[in-house]
2 protein chains.
Amino acid sequence: MDKQRDDTIASRISRALAERIISGALTPGERLRQDHIAEEFGASHVPVREAFRLLEAQGLAASEPRRGFRVAAFDLKEVREVAEMRAVLEVLALRHAIPHLTAAILDRAEAATAAADTSRDVRSWEAANRAFHRLILEPCGMPRLLASIDDLHAASARFLFSAWRSSWEARTDHDHRAILAALREGRGDEAAKILERHVGWIGRTPVKTAAGEMREAFSIVG
Amino acid sequence: MDKQRDDTIASRISRALAERIISGALTPGERLRQDHIAEEFGASHVPVREAFRLLEAQGLAASEPRRGFRVAAFDLKEVREVAEMRAVLEVLALRHAIPHLTAAILDRAEAATAAADTSRDVRSWEAANRAFHRLILEPCGMPRLLASIDDLHAASARFLFSAWRSSWEARTDHDHRAILAALREGRGDEAAKILERHVGWIGRTPVKTAAGEMREAFSIVG
DNA sequence: GGTTGCGAAATTATCTATAATTCTATTTCG
DNA sequence: CGAAATAGAATTATAGATAATTTCGCAACC
C-alpha cells in the first residue's frame with residue numbers, strides 16, 4: 001500500500017493483466033470485461049479502461065469500438081511477423097550497441113546465457129533469454145527502438161508459453177555463445193548475422209501435451 | 001454529427017490532437033492540459049485522457065505520472081532513430097510485398113510519385129510521399145508491421161514539418177522512380193537496397209526561415 | 001539587498017460514482 | 001422456422017470528489 005510514487009493504478013492493473021496474458025492465464029480472444037476487472041482490483045472502471053489502452057499499445061489486447069476489448073488473438077502468421085520484426089530491429093540495435101559494448105557487459109550476458117541453459121522451466125528460461133538480449137542491445141542508446149523490441153519480446157514470450165505449457169528440457173544455447181565469441185573478437189558483422197538468423201527462425205514442432213498426446217506448436221528459438 | 005459508427009469521442013480527439021502535433025501547431029514539450037482540451041471539444045476529461053494514451057502509443061505524447069502529459073520532444077538523435085527503424089522495417093515489408101505486387105499497384109505508386117513531384121507545399125508532398133510508401137508496402141499483409149511503419153511515418157512527418165515550415169520547392173524524386181523501375185523488372189533486391197538508403201538518409205541542411213535568415217534543420221528525403 | 005527555504009493556495013491530474021447509449025441474446029409472434 | 005422486439009448486460013460519457021504537484025508569497029538568513 002506504499003508504492004504510489006510514480007505508479008498509477010492504471011499502470012499497475014496493466015502490468016498485472018499483461019502478466020496474465022503473457023503467461024496464458026487469459027486466453028487469446030477472451031473478452032476483457034471492465035466491470036469485473038475493476039471489481040477484482042477494487043477500483044473503478046476508468047483506470048481499467050486506461051490499462052486496456054496500454055495493453056493495446058503493446059499489442060496484447062485489441063479494441064473493438066463500442067464492443068469492448070479482447071485479449072489479442074494470434075496465429076502462426078503473427079508469430080512469424082513478430083519474429084521477423086525482432087530480427088531486423090535487434091540487428092539494428094546491435095549494430096549501434098557494438099561500439100559501446102564492454103567486457104563487463106559481455107560477462108553479464110554470458111552469465112545470463114548460463115542461467116538460461118540450466119533453467120528447469122520455461123518461465124525462468126524466458127526471463128534469462130530476455131535478459132541476454134537486453135544486455136547486449138541496451139548500449140545502443142535508442143529508447144524508441146528498445147521499447148519496440150521489448151513489446152515484441154512480450155509477444156514472443158506469449159507464443160512461447162502457449163507452446164511449452166507443461167514440459168521443458170534444458171539445452172545449451174550455442175547461438176548465444178557464438179554471438180558472444182564474435183563480439184569479443186570484434187567480428188561485429190558476424191555477430192549480427194547470427195543474431196538475425198537466431199531470432200528470425202520459426203518452425204513447427206510436435207509437442208507432448210499434458211494428456212500425453214502429440215500436437216503441433218510454435219517453436220521459437222531465441 | 002453523424003459519423004458515430006465505430007468512432008468514439010476519444011479517438012476523434014486523438015486524431016485532432018495528432019494533427020496539431022504533427023503540423024507543429026502544438027510545440028514539443030508543451031503541456032497538454034486535459035481540462036482545457038476537454039472544454040474546447042465540449043467533452044468531459046475522461047475521453048481526453050484516453051486520447052492522450054492513444055497519442056502516447058504513437059509516440060506523439062509522453063506521460064509523466066501524476067504530472068500530466070506533454071507533447072513528445074525530439075532531437076536530431078531521435079530523427080535518426082526513427083529514420084533507421086523505418087529503413088529496416090520498410091525493407092522487411094517490401095520483401096514480403098514483392099510477390100503480391102501487381103502492375104496496377106505500381107501504376108498507382110507512380111501516380112503518387114508524380115503527385116509528390118508537382119506538390120506546391122510540404123503538406124501535400126508529405127501526403128503523396130506517404131501514399132507511395134503505403135502502396136508498395138501494404139501487400140505484405142503484415143498488420144503489426146504496417147502499424148509500426150505508420151507510426152514512424154507520423155513521427156517523420158513531424159520532423160519534416162518542423163524543418164520546412166515556410167518554404168518549399170518541388171523536385172523530382174529519382175529514388176522513387178528507380179525503386180519502381182527495379183520492381184517492374186523483377187530486381188527486388190535492388191529495389192530493397194534503394195529503399196533502405198532512401199529512407200535511412202538523414203542530414204542537416206541550411207534552411208531559409210520566413211525572416212530570410214538561414215538556420216540548420218533536419219533534412220529528410222523520403 | 002539578494003537569495004534561499006518554508007508554507008499555503010490554486011491548479012491539475014486521478015479516481016469514484018452515476019447516467020445514458022449501444023450491443024447481444026432470448027423470446028415471442030407471424 | 002424465421003424475423004422482429006424486448007430485456008439484460010456492458011461499454012462509453014458526464015459530473016463530482018480527492019490527492020498530489022506546482023506556484024506564488026513571505027520571511028529568514030547569508
Side-chain angles (χ1 to χ4, degrees), chain A residues 1-21 25-73, chain B residues 1-21 25-73:
Chain A
M1 215 69 73
D2 52 339
K3 46 176 170 183
Q4 288 165 341
R5 210 78 347 194
D6 88 22
D7 203 49
T8 176
I9 291 184
S11 66
R12 217 174 318 158
I13 296 177
S14 164
R15 274 198 301 278
L17 291 180
E19 165 70 26
R20 289 186 202 174
I21 295 174
L26 292 172
T27 61
E30 190 172 342
R31 287 193 65 172
L32 294 169
R33 285 185 297 254
Q34 55 185 10
D35 288 355
H36 298 188
I37 293 171
E39 192 181 7
E40 178 193 339
F41 285 90
S44 132
H45 50 255
V46 173
V48 173
R49 286 185 68 69
E50 285 202 42
F52 288 172
R53 287 257 117 95
L54 288 168
L55 293 172
E56 188 185 20
Q58 293 171 34
L60 294 177
S63 148
E64 303 171 50
R66 298 265 160 207
R67 230 178 292 185
F69 287 78
R70 310 184 89 93
V71 177
Chain B
M1 212 68 73
D2 53 338
K3 48 176 170 184
Q4 287 164 342
R5 210 72 354 192
D6 88 24
D7 204 48
T8 175
I9 290 185
S11 66
R12 218 174 317 157
I13 296 177
S14 164
R15 273 199 301 277
L17 291 179
E19 166 70 24
R20 290 187 201 172
I21 295 174
L26 292 171
T27 61
E30 188 171 344
R31 286 191 67 173
L32 294 169
R33 285 185 297 251
Q34 56 184 15
D35 286 356
H36 298 191
I37 293 171
E39 192 181 7
E40 178 192 342
F41 285 90
S44 139
H45 46 258
V46 175
V48 173
R49 286 188 67 69
E50 284 202 46
F52 287 172
R53 286 257 115 97
L54 288 168
L55 294 172
E56 187 185 21
Q58 294 171 34
L60 295 177
S63 147
E64 303 171 48
R66 296 265 158 207
R67 231 177 291 185
F69 288 76
R70 309 185 90 92
V71 177

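Naming convention: chains lettered A, B, ... in sequence-line order (proteins, then strands); numbering from 1 in each chain.
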Enquirer: Give a yes/no on whether any side-chain N or O of B:Thr8 is located under 4.0 angstrom from OP1 or OP2 of D:dA13.
Expert: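 For D:dA13, OP1 or OP2 has a side-chain N or O of B:Thr8 closer than 4.0 Å.
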Enquirer: Among all residues two or more places apart in sequence or in another chain, which pass the side-chain contact (heavy atoms from CB on, under 4.5 Å) test with A:Leu54?
Expert: A:Ser14, B:Arg53, B:Glu56
Enquirer: Specify the closest pair of heavy atoms between A:Ala10 and A:Pro47, including all atoms of both residues, with the distance to one decimal.
Expert: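 Minimum heavy-atom contact is CB-O, 3.5 Å.
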Enquirer: Between A:Arg33 (CZ) and D:dT12 (P), how many Å, whole number?
Expert: 14 Å
Enquirer: What is the separation between atom CD on A:Gln34 and atom P on C:dA17, rounded to the nearest whole Å?
Expert: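 Going from CD in A:Gln34 over to P in C:dA17 covers 15 Å.
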Enquirer: Rounded to whole angstroms, how far apart are CD on A:Glu64 and P on D:dT11?
Expert: 11 Å
Enquirer: In whole angstrom, what separates A:Ile37's CD1 from C:dT16's C1'?
Expert: 18 Å
Enquirer: Does anything in residues 42-54 of chain B reach DNA chain D, meaning a heavy atom under 4.0 Å, and if so which residues?
Expert: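 Residues of residues 42-54 of chain B that come under 4.0 Å of DNA chain D are, in numerical order, B:Ala43, B:Ser44, B:His45, B:Val46, B:Pro47.
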Enquirer: For B:Arg66 and D:dA19, what is the distance between atoms CZ and C1' respectively, to the nearest whole Å?
Expert: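 Going from B:Arg66 (CZ) to D:dA19 (C1'), I get 7 Å.
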Enquirer: Taking OP1 and OP2 of D:dT22, is either one under 4.0 Å from a side-chain nitrogen or oxygen of B:Arg67?
Expert: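 So the side-chain polar atoms of B:Arg67 do come within 4.0 Å of the phosphate oxygens OP1 or OP2 of D:dT22, strictly under.
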Enquirer: Rounded to the nearest angstrom, tell me the gap between atom CD in B:Glu39 and atom P in C:dT11.
Expert: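 It is 14 Å, rounded to the nearest whole Å.
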Enquirer: Rounded to the Å, how far apart are B:Leu32 CG and C:dA13 P?
Expert: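 My rounded result for the distance is 9 Å.
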Enquirer: Which whole-number value in Å describes the distance from B:Phe69 CZ to C:dT11 C1'?
Expert: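 Computing the B:Phe69:CZ to C:dT11:C1' distance gives 18 Å.
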Enquirer: Could you tell me which residues satisfy side-chain contact (heavy atoms from CB on, under 4.5 Å) with B:Glu40, sequence neighbours excluded, listed by chain and number?
Expert: B:Arg20
Enquirer: Want to settle it: does B:Ile9 or A:Arg31 sit nearer the 5' end of DNA chain D, counting the closest nucleotide to each?
Expert: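 The residue closer to the strand's 5' end, by nearest nucleotide, is A:Arg31.
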